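Reading through the structure tokens given below for one structure.
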Amino acid sequence: MAARTIDGAAVAKRLREKIAEKIVARRVVPGLAVVLVGDDPASQVYVRNKGRAAEEVGMKSWTHRLPADATQKQLLDLIAGLNIDPQVHGILVQLPLPKQIDAQAIIAAVDPAKDVDGFHPVNAGRLSLGLPGFVPCTPRGCMILIREALPDLAGRKALVLGRSNIVGKPMMQLLLRADCTVMVAHSKTRDLPAECRTADILVAAIGKPEFVRGDWIKPGAVVIDVGINRIDNLAQPGKSKLVGDVAYGEAMERAAAITPVPGGVGPMTIACLLENTLWGALGEVMGL
Ligand code: NDP
């Protein structure tokens with residue numbers, strides 16, 4: 001039987017509506033400052049989408065642009081100003097940053113109370129200790145989608161494919177907190193297909209188009225595809241299309257539920273960013 005599609009766009013829309021209602025009810029105007037260094041086309045699109053989404057739910061948003069040759073000091077000075085600006089409740093520095101800038105130093109310079117990306121060492125540490133704090137948006141969105149498909153997570157075997165600081169590691173922490181039995185796989189994992197076949201929940205975040213094949217999926221598993229990869233569209237020569245890290249058509253035949261690309265995890269990332277910004281404005285950290 002074909003898998004159920006987990007409609008991330010619809011779940012994200014409902015979450016955005018709830019955020020907009022709460023903004024009105026709590027009479028706050030959350031402010032999101034987005035910092036973009038350089039002119040990477042994909043980053044420009046992401047930043048524009050984030051700003052637009054913030055305004056649509058009733059937030060204020062500002063985009064601060066620095067040239068590709070900006071210095072570390074320029075960026076640190078900008079962040080220092082945003083840290084003390086009372087209108088700004090969330091600061092997001094769009095990654096990747098140009099080579100001359102130490103990304104870790106920049107992440108650490110953001111006030112942890114405004115770190116709506118959840119990348120600051122304080123928030124990463126709080127997540128691993130099971131304390132409240134800002135949780136990275138993509139893994140948080142994945143958890144919401146997993147719960148849509150599988151409300152009872154306790155004791156389920158979950159495999160996270162990818163161990164980045166922004167997706168894989170926090171994803172592992174959240175699944176562990178939900179009482180899953182968690183495994184993290186990466187480029188050095190031996191016999192990846194066999195490991196994947198043991199997972200009730202498979203989260204793929206490696207950035208390799210259609211890398212996870214259908215016969216790697218345990219029958220009845222929930223598959224969350226985080227990957228966003230642009231490839232040539234063979235059906236329309238000269239055009240490209242977006243695919244995930246999972247061979248979607250094949251996986252549909254084995255999984256119980258799966259997220260599409262696009263329209264799965266991507267919209268959830270933005271909705272969770274807005275939720276984090278609202279929590280920042282309310283002075284409350286997100287309960288997990
Ligand atoms: P990174 O490049 O930071 O990490 C990739 C991870 O995948 C690494 O841990 C790497 O292992 C692992 N990996 C790479 N190749 C293989 C392989 N052949 N076999 C097993 N593991 C492998 O990526 P990100 O975590 O930043 O992003 C992953 C994907 O998710 C990308 O496609 C990105 O575009 C997408 N993404 C989507 C978002 C959304 O909103 N939907 C948000 C963020 C990311 P190792 O550590 O050993 O090198």
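Any value given below was found using the heavy atoms of this structure, including those in side chains, with hydrogens, waters and symmetry copies removed. Bear in mind the structure is a predicted one, so any value in this text is a computation, not a measurement.
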Which residue pairs pass the side-chain hydrogen bond (donor to acceptor under 3.5 Å, both in side chains) test when at least one of the two sits in residues 2-14, sequence neighbours left out? T5-Y248, K13-E17
Cluster link M183 to V160, ILVMFWY, side chain under 4.5 Å: no
Drop me the distance from I146's CD1 to D200's CG, to the nearest 0.5 angstrom. 11.5 Å
Using a strict threshold of under 4.0 Å (side-chain N to carboxylate O), is an ion pair present between E275 and R16? no
Given I201, which partner from the list K157, R156, K218 fulfils the side chain to side chain contact (heavy atoms under 4.5 Å, CB included) test? R156
Transitively linked via ILVMFWY side-chain contacts under 4.5 Å: V184 with L127? yes
Polar side-chain atom of N229 near backbone of G244 as donor-acceptor pair, under 3.5 Å: yes
Is it the case that the side chain of N83 and the backbone of D111 share a donor-acceptor pair, with hydrogens and angles ignored and the cut-off at 3.5 Å? yes
From I79 CD1 over to D85 CG, what is the distance, rounded to the nearest 0.5 angstrom? 13.5 Å
For a quick test of reading the model, state the closest non-hydrogen atom pair linking L97 to L75 and the distance between them. CD2-CD2, 4.1 Å
Please evaluate residues C272 and L15 with respect to the criterion side-chain contact (heavy atoms from CB on, under 4.5 Å), reporting the C-alpha separation (whole Å), side-chain torsions for both, the decisive distance (0.1 Å), and the verdict. CA-CA 8 Å; C272 290; L15 181 53; 4.2 Å; yes
Qualifying side-chain hydrogen bond (donor to acceptor under 3.5 Å, both in side chains) pairs, either residue in residues 20-38, two or more places apart: R26-E284
Do D115 and I91 have side-chain heavy atoms sitting under 4.5 Å apart? no
So do the side chains of I23 and L278 get within less than 4.5 Å of each other, counting heavy atoms only? yes
Donor-acceptor pair, D232 side chain versus L234 backbone, under 3.5 Å? no
For the backbone of F211 and the side chain of D245, can you confirm whether one donor and one acceptor N or O come within less than 3.5 Å of each other? no
With the threshold set at 4.0 Å, does a side-chain nitrogen-carboxylate oxygen contact exist between R254 and D215? no
Single-linkage hydrophobic cluster I19~V88, side-chain heavy atoms < 4.5 angstrom: yes
Is Q87 reaching over with its side chain to a backbone N or O of G31, donor-acceptor style, under 3.5 angstrom? no
What closest approach, in Å, do V265 and V226 show between heavy atoms, and which atom pair accounts for it? CG2-CA, 4.2 Å
Indicate the atoms forming the closest heavy-atom contact of E195 with R190, along with that distance. CG-O, 3.8 Å
Please determine whether side-chain contact (heavy atoms from CB on, under 4.5 Å) holds for the pair R65 and Q44, giving the CA-CA distance in whole Å, both sets of side-chain angles, and the decisive distance to 0.1 Å. CA-CA 10 Å; R65 293 170 197 276; Q44 302 219 28; 3.9 Å; yes
Other residues, nucleotides, ligands: >12 heavy atoms within 6.0 Å of I84 CD1: no
Using a 3.5 Å distance criterion without hydrogens, assess whether the side chain of D102 forms a donor-acceptor pair with backbone atoms of I106. no
To the closest 0.5 Å, what do you measure between CG (D69) and CD (Q100)? 7.0 Å
Do Q173 and S128 get their side chains close enough for a donor-acceptor pair, meaning under 3.5 Å? no
Within-4.5 Å side-chain heavy-atom neighbours: V167 and S164: yes
Is there a side-chain contact between L95 and S43, using heavy atoms and a 4.5 Å cut-off? no
Find out whether V246 and L202 are in side-chain contact, i.e. whether some heavy atom of one side chain is under 4.5 Å from a heavy atom of the other. no
Should L32 and K114 count as side-chain neighbours, where that means a heavy-atom distance under 4.5 Å? no
Does atom CG (D191) have a neighbourhood of more than 12 heavy atoms from anything else shown, all under 6.0 Å? yes
Verify side-chain contact (heavy atoms from CB on, under 4.5 Å) between I144 and R147, making sure each step is shown before the conclusion. CA-CA 5 Å; I144 296 172; R147 286 187 195 281; 6.0 Å; no
We want to know whether Q236 and N233 form a side-chain donor-acceptor pair, criterion being a heavy-atom distance below 3.5 angstrom. yes
Quick check: closest heavy atoms across H89 and G280, and the distance to 0.1 Å? CB-C, 3.9 Å
Looking only at heavy atoms, the pair that brings I6 and P260 closest together is O-CD, 3.2 Å
So, the side chain of T71 versus the backbone of Q74: is there a donor-acceptor pair under 3.5 Å, distance only? yes
Ignoring hydrogens and angles, tell me if any N or O in the side chain of R126 forms a donor-acceptor pair with the backbone of L131 under 3.5 Å. no
Expected output: side-chain N276 to main-chain V135 donor-acceptor under 3.5 Å: yes
Is it true that a side-chain atom of E253 and a backbone atom of E250 form a donor plus acceptor pair closer than 3.5 Å? no
Enter the distance from R213:CZ to E210:CD here, rounded to the nearest 0.5 Å. 6.5 Å
d(L174 CG, K169 NZ) to nearest 0.5 Å is 14.5 Å
Output the distance between atom OG1 (T181) and atom CG (L153), rounded to the nearest 0.5 Å. 11.0 Å
Can you check side-chain contact (heavy atoms from CB on, under 4.5 Å) on C137 and I270, steps first, answer last? CA-CA 7 Å; C137 308; I270 294 190; over 6 Å; no
Pairwise side-chain contact, L92 with V35, heavy-atom cut-off 4.5 Å (strictly under): no
Is the shortest heavy-atom distance from the side chain of K188 to the side chain of R163 under 4.5 Å? yes
hydrophobic_cluster_shared for L161 and V182, side chain cutoff 4.5 Å: no
Identify the heavy atoms of P67 and V37 that sit nearest to each other, and give their distance. O-CG1, 3.5 Å
Going by the rule salt bridge (Lys or Arg N to Asp or Glu O under 4.0 Å), which residues pair with D40 if we only count those two or more places apart in sequence or in a different chain? none
Determine, using the 4.5 Å side-chain heavy-atom cutoff (strictly less than), whether I166 and L274 are members of one ILVMFWY cluster. yes
